[in-house]
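Since the structure comes first, as structure tokens, the remarks are kept for the end.
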Amino acid sequence: MQHSLLIRNALVLATLDAQRREIAGGWVMVRGNRVTAVGGPESVPAEAETVIDASGCVVTPGLVNTHHHMYQTLTRAVPGAQDCELFGWLKRLYPIWAGLTPEMIRVSTHTAMAELIMSGCTTASDHLYIYPNGCRLDDSIEAAADIGMRFHACRGSMSVGESKGGLPPDRVVEDEAAILRDSQRLIETWHDPSDGAMLKIALAPCSPFSVSQDLMRESARMARSFRVGLHTHLAETVGDVAYSRERFGRTPAQYAEDLGWTGEGVWHAHCVCLDDHGIDLFARTRTGVAHCPSSNMRLGSGIAPIRRMIDAGVPVGLGVDGSASNDAGHLLLEARMAMLLARVRDTGDGSGNPAALGARHALELATRGGAAALGRQDIGHLAPGMCADIAIFDVSTLTHAGALHDPLAALLFAAPAGVKHSIINGRQVVCDGVLLTVDSHRLVETHNRLARELVSG
């Protein structure tokens, strides 16, 4: 018999379903790990084994994070990297990251996921592309299982070091044959292709300036053979575009197209400098974009043309990006940043557009948009048959006082809240603002100790 869970009395239930229903006094019924019904106060189920009272709360689908580098929680606000553009920032941090250990990967994954979960996130993609000192993607995967987060684990890689014209130091790159062998091992060991999967593997050569075209092609072939996702960084900065033109004679979008890096289940991080051809290409092929507004602001990379992408039909989700280039992992904050940053993008006459992205559109990027970018149809909204991933935000607090004329918009316009309750795959992982699956105080102590060890070298 499957356990039943009822969430009721929501101030507003934002289903983000096909009709985008917002239900005052709404409820959600869960059996096992699936939503079985949603409705309003006229038809509340009589009973369930577990009941959560959502009075004074906005209930949403669990948020979806499409791009992260979780190990970077160990190097937030590092002196010398606080005011750099992308390439300078990487050159400062690559030597530090060369000291990563398997314990650091596990603990930083716990820390990053705990932060995400407390912001309403229930599904996260992580791009781990550096593997010194015996580190493996398995370390992240096992940590995700401990904390109970739905996980897209991306087997990142770097193979072109400085001696071959790449950006990373030679000591942090890998042999391409070894990368492909490990990629296949990870898929065969861990990937779950089923609907509702808690763990999926994607292949993720890091960037045009750190891997070869051969590795990009072979990764695409392998991904399609095993039917797994593909992820990389693309068109992040003007310098990134210049590198692509000079080294490959192509724009980033042309580079992606020529190497087989378009289509559903392929998603690219940033795309700040994606041109008109690229936007059209991504829309036609259903190629996803992970929009990372805080990171793009932090590194001075620019403002991605998100409104144009959305209007064209590109699947756009949100990513908090690495916690050394944000330096936060709060996905509701990221949705707010996306909303505000879209409004200040130059419309051609030096002004912005305050109607460029509304609160509901921003929340949609964080839910349905993220699911679409990852190529998933089982998460991102609340309807019968969907995965039971649910975030419950208390808006009866000081932060939202005076904003309840529109409680759903208040989530984005007021200071971002943390979750009061969170459900992942039908399991309650946050109760009354307390994360149930890890000891947060001990985690912070361990994480800070490891961060000191890593940065001190």
Does [atom1] belonging to [X] count more than 12 external heavy atoms closer than 6.0 Å?
X	atom1	value
Arg245	CZ	no
Glu246	CD	no
His361	NE2	no

Whether the side chain of [X] engages the backbone of [Y] through a donor-acceptor N/O pair (distance < 3.5 Å, no angle test) should be reported.
X	Y	answer
Arg345	Ile303	yes
Arg250	Ser244	no
Thr66	Leu318	yes
Ser159	Glu174	no
Lys200	Asp192	yes
Glu364	Gly369	no
Thr189	Leu186	no
Asp378	Asp195	no
Asp170	Ser163	yes
Asp139	Arg136	yes

Between [atom1] of [X] and [atom2] of [Y], what distance do you get to the nearest 0.5 Å?
X	Y	atom1	atom2	value
Leu199	Trp190	CG	CH2	7.5 Å
Ile392	Ile423	CD1	CD1	5.5 Å
Cys292	His270	SG	NE2	4.5 Å
Leu382	Thr60	CG	OG1	7.0 Å
Ser210	Glu162	OG	CD	12.0 Å
His421	Cys57	NE2	SG	6.0 Å

Restricting to non-hydrogen atoms, name the atom on [X] and the atom on [Y] that form the minimum distance, rounded to 0.1 Å.
X	Y	answer
Leu333	Ala328	CD2-CB, 4.5 Å
Glu334	Ser294	OE2-N, 2.8 Å
Pro205	Ser157	CA-OG, 3.4 Å
Asn425	Gly196	OD1-O, 4.4 Å

Do [X] and [Y] have side chains that approach each other closer than 4.5 Å (heavy atoms only, starting at C-beta)?
X	Y	answer
Phe393	Pro407	no
Arg360	Asp406	yes
Gln72	Trp97	yes
Met149	Cys121	yes
His268	Thr232	yes
Arg427	Ile424	no
Asp389	Val64	no
Cys273	Asp240	no

>> What I want to find out is whether Arg185 reaches Asp182 closely enough, with some N-O distance under 4.0 Å, to be called a salt bridge.
In response: yes

Discussion item. Taking the basic N atoms (NZ, or NE/NH1/NH2) and the acidic carboxylate oxygens, is any pair closer than 4.0 Å for Lys164 and Glu176?
Written reply: no

Return the orientation label for the His231 and Trp267 ring planes: parallel under 30°, perpendicular over 60°, tilted otherwise. parallel

Could you label the plane-to-plane angle of the His69 and Tyr71 rings as parallel, tilted or perpendicular, counting under 30° as parallel and over 60° as perpendicular?
tilted

**Request:** Determine, using ring centers only, whether His110 and His447 are less than 6.0 Å apart.
**Result:** no

Donor on one side chain, acceptor on other, [X] and [Y], under 3.5 Å:
X	Y	answer
Ser323	Thr73	no
His67	Asp321	yes
Asn353	Ser351	no
Asp258	Gln213	no

Evaluate Leu234 against Phe282 for side-chain contact (heavy atoms from CB on, under 4.5 Å), listing each step before the verdict.
CA-CA 12 Å; Leu234 196 77; Phe282 282 20; 3.8 Å; yes

Give the C-alpha distance, both sets of side-chain angles, the deciding distance and a yes or no for salt bridge (Lys or Arg N to Asp or Glu O under 4.0 Å) between Asp214 and Arg217. CA-CA 5 Å; Asp214 285 343; Arg217 287 192 191 95; 3.4 Å; yes

_Does Arg376 form a side-chain contact (heavy atoms from CB on, under 4.5 Å) with His152? I'd like the steps, not just the answer._
CA-CA 11 Å; Arg376 296 194 70 148; His152 283 236; 3.0 Å; yes

side-chain contact (heavy atoms from CB on, under 4.5 Å) between Thr122 and Arg150, worked out: CA-CA 6 Å; Thr122 55; Arg150 199 177 300 279; 5.8 Å; no

Can the positive tip of Arg155 be found less than 6.0 Å from the middle of the six-membered ring of Tyr131, inside 45° of the ring normal? yes

Run the ring pair (Phe, Tyr, Trp, His ring centres under 6.0 Å) test on His233 and His127 for me, step by step, so that the C-alpha distance in whole Å, both residues' side-chain angles and the decisive distance to 0.1 Å come before the verdict. CA-CA 10 Å; His233 299 86; His127 189 186; 5.1 Å; yes

From the list Val429, Val430, Leu332, side chain to side chain contact (heavy atoms under 4.5 Å, CB included) with Met118 holds only for Val430

Given the options Leu90, Leu86, Val160, Leu167 meets side chain to side chain contact (heavy atoms under 4.5 Å, CB included) only with Leu90

Evaluate the criterion side-chain contact (heavy atoms from CB on, under 4.5 Å) for residue pair Met198 and Asn33; output intermediate values, then yes/no. CA-CA 11 Å; Met198 285 292 287; Asn33 61 359; over 6 Å; no

